[in-house]
Amino acid sequence: MPLSVINQRRLNNFKRNRRGFWAFWIFIVMYILSLGAELIANDRPIAIHYDNAWYFPVFTNYSEKTFGGDLDFDADYSDPYITDLINEKGELYWPLIPFSAQSIDFELDSSPPSSPSGRHWLGTDDQGRDVLARIIYGFRISVSFGLLLTLFSTIIGVAAGAVQGYFGGLLDLLAQRFIEIWQGLPVLYLLIIMASVIEPGFISLLALMTLFGWTSLVGVVRAEFLRARNFEYVRAAKALGVGDTAIMVRHTLPNAMVATVTFMPFILSGSVTTLTGLDFLGLGLPPGSASLGEMLKQGRDNLHAPWLGLTAFVVLAVMLSLLVFVGEAVRDALDPRKTFTAHGGTGETKSLTGGTALSATDNLNDKGARS
């Protein structure tokens with residue numbers, strides 16, 4: 001489906017912001033690679049060619065008997081006995097990093113945390129787990145959590161703001177008072193209470209953060225609906241008998257989505273930071289989970305191993321910087337002043353209709369010449 005003239009202009013404006021454009025693609029590539037973390041960092045081989053047959057331990061569990069062992073237990077591919085049995089009739093194909101997020105290396109030359117080496121490119125943490133593997137898995141968890149939290153918060157916030165702004169009146173007044181009370185609740189204390197009652201997990205933490213994160217977009221969407229409900233085409237649609245739901249979805253929601261999309265990259269960066277902070281305080285994901293916040297906590301607890309804190313800091317700084325650059329590019333792309341006018345290379349401003357208008361400098365020069 002071809003893009004409209006306005007959307008095509010917005011896309012061109014986004015591409016024109018080179019920093020945001022490249023930041024978008026770098027972030028996408030990093031996240032896609034992290035989705036395949038099991039194929040990059042794993043303590044299981046990606047594939048095994050044994051006795052003229054192919055096996056894929058990264059996806060399926062196989063017992064020792066499958067490869068000529070004696071026990072009917074899951075094969076431990078770090079055991080030299082198993083690897084020797086496989087190498088007699090086949091070959092193992094390991095991933096780039098032969099450690100997963102939870103793998104403990106018992107063959108370290110020094111006590112953990114160990115410094116970066118050829119075996120562990122970014123060293124190990126205080127439990128002997130590979131830092132690079134945990135960074136890859138932690139990046140995936142953090143970004144996935146942020147994306148889901150941003151999605152759910154946006155859906156609820158847009159719906160609430162749309163209802164408030166479109167109907168207004170007493171409904172808007174009561175809803176605003178409710179939001180003020182809701183935003184005043186101490187989220188951190190509620191997380192502490194939840195952690196003492198149930199074990200925090202990805203789903204439970206996501207649900208709780210969504211309950212308190214949806215209010216960030218209500219004000220923006222509400223203002224757009226309050227403004228758009230008095231437009232002539234909205235009144236005309238009402239006069240023709242179009243239902244309120246259809247008017248909100250077809251006519252007023254597109255106006256509100258421009259501001260919503262502008263804020264979404266910044267909401268995503270805030271969601272990732274929130275999870276990182278909770279993990280740093282020990283109120284986030286379950287203990288032992290691969291997390292950037294947990295890596296920062298290890299860096300604080302092991303000041304004699306600076307690679308722990310520095311690695312987590314660099315990853316967070318790069319990730320958040322990319323999101324901010326993308327947000328700035330989206331903001332510029334949706335700016336009406338740049339959407340409806342495009343600057344030519346000769347100091348002229350060309351409108352969407354193809355006409356040419358003098359720039360501000362040309363106008364001043366023209367006035368000076370006439371005077």
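We're numbering straight along the sequence, starting at 1.
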Go through the steps to decide whether R9 and N12 satisfy the test side chain to side chain donor-acceptor pair (under 3.5 Å), and finish with yes or no.
CA-CA 5 Å; R9 183 61 57 85; N12 292 335; over 6 Å; no

M30 and I32: CA distance, side-chain angles, deciding distance, side chain to side chain contact (heavy atoms under 4.5 Å, CB included) verdict:
CA-CA 6 Å; M30 290 173 61; I32 292 177; over 6 Å; no

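- A pairwise comparison of heavy atoms in Q164 and A175 identifies CD-CB, 3.4 Å as the closest pair.
- Here the side chains of M248 and V163 are in contact, with some heavy-atom distance below 4.5 Å.
- Atom CZ in F263 sits 15.0 Å away from atom CG in L268 (nearest 0.5 Å).
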Stepwise side chain to side chain contact (heavy atoms under 4.5 Å, CB included) test for Y50 and L85:
CA-CA 9 Å; Y50 177 79; L85 287 177; 5.6 Å; no

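- The two residues A133 and A41 make their nearest non-hydrogen contact at CB-CB, 3.8 Å.
- A heavy-atom distance below 4.5 Å is not found between the side chains of L296 and L292.
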Is there a side chain to side chain donor-acceptor pair (under 3.5 Å) between R10 and N13? Walk through the geometry before answering.
CA-CA 5 Å; R10 289 169 175 168; N13 288 337; over 6 Å; no

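- Pairing each heavy atom of L33 with each of I40, the nearest pair is O-CD1, 3.4 Å.
- Here the closest non-hydrogen pair linking V58 and I46 is CG1-O, 3.7 Å.
- Each of Y55, W54, Y77 was checked for a ring-ring contact (aromatic ring centres under 6.0 Å, His included) with Y93, and the lone residue meeting it is W54.
- Closest of all the heavy-atom pairs between R18 and K15 is NH1-O, 3.3 Å.
- Looking at S144 and Y31, their side chains come closer than 4.5 Å, going by heavy atoms from C-beta outward.
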Apply the test side chain to side chain contact (heavy atoms under 4.5 Å, CB included) to residues V131 and Q298: give CA-CA distance (whole Å), side-chain angles for both, the deciding distance (0.1 Å), then the verdict.
CA-CA 11 Å; V131 172; Q298 288 212 18; over 6 Å; no

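- To the nearest 0.5 Å, atoms CG (D172) and CG (L226) are separated by 6.0 Å.
- Atom CD1 in I135 sits 8.0 Å away from atom CG in L316 (nearest 0.5 Å).
- Two residues are said to be in side-chain contact when any heavy atoms from C-beta on lie closer than 4.5 Å; W182 and V218 fail this criterion.
- Interatomic distance, CG of L334 versus CD1 of I6, reported as 11.5 Å (0.5 Å rounding).
- With salt bridges taken as basic N to acidic carboxylate O contacts below 4.0 Å, none links K297 and E294.
- Between D105 and R119 there is a salt bridge, with a side-chain nitrogen of the basic residue lying less than 4.0 Å from a carboxylate oxygen of the acidic one.
- Both the sub-6.0 Å distance and the 45° axial angle are satisfied by R300 relative to the ring of F280.
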Is there a side chain to side chain contact (heavy atoms under 4.5 Å, CB included) between I247 and Y166 once you walk through the steps?
CA-CA 10 Å; I247 294 176; Y166 182 80; 3.8 Å; yes

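- A donor-acceptor pair is defined here as one N or O able to donate and one able to accept, closer than 3.5 Å; such a pair exists between the side chain of R44 and the backbone of P57.
- Using a 4.5 Å cut-off on side-chain heavy atoms (C-beta onward), Y62 and I48 make no contact.
- Interatomic distance, T215 OG1 to I156 CD1, rounded to the nearest 0.5 Å: 10.5 Å.
- Side-chain contact between H251 and F231 is absent, with no heavy-atom pair separated by less than 4.5 Å.
- Rounded to the nearest 0.5 Å, atoms CE (M209) and CG (L148) are 13.5 Å apart.
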Only distances under 3.5 Å count here; give the side-chain donor-acceptor pairs of residues 317-326 to other protein atoms, sequence neighbours excluded, each with its distance to 0.1 Å.
{"from": "S321", "atom 1": "OG", "to": "A317", "atom 2": "O", "distance (Å)": "2.6"}

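- Between F59 and E38, the closest side-chain pair of non-hydrogen atoms is not below 4.5 Å.
- Between the D279 side chain and the L285 main chain, a donor and an acceptor come within less than 3.5 Å of each other.
- H120 has its ring centre less than 6.0 Å from the ring centre of F99.
- Formation of a donor-acceptor pair under 3.5 Å by the T124 side chain with backbone atoms of S114 is found in this model.
- Ring geometry, F178 versus W214: the interplanar angle falls under 30°, so the pair is classed parallel (tilted spans 30 to 60°).
- Residues L308 and D301 fail the side-chain proximity criterion, which asks for heavy atoms closer than 4.5 Å.
- In this structure, the side chain of R129 does not engage the main chain of Q102 through any donor-acceptor pair within 3.5 Å.
- Checking side-chain atoms of S269 against main-chain N and O of F266 turns up a donor-acceptor pair under 3.5 Å.
- Although no hydrogens or angles enter the test, the distance criterion places a donor-acceptor pair under 3.5 Å between the side chain of S291 and the main chain of G293.
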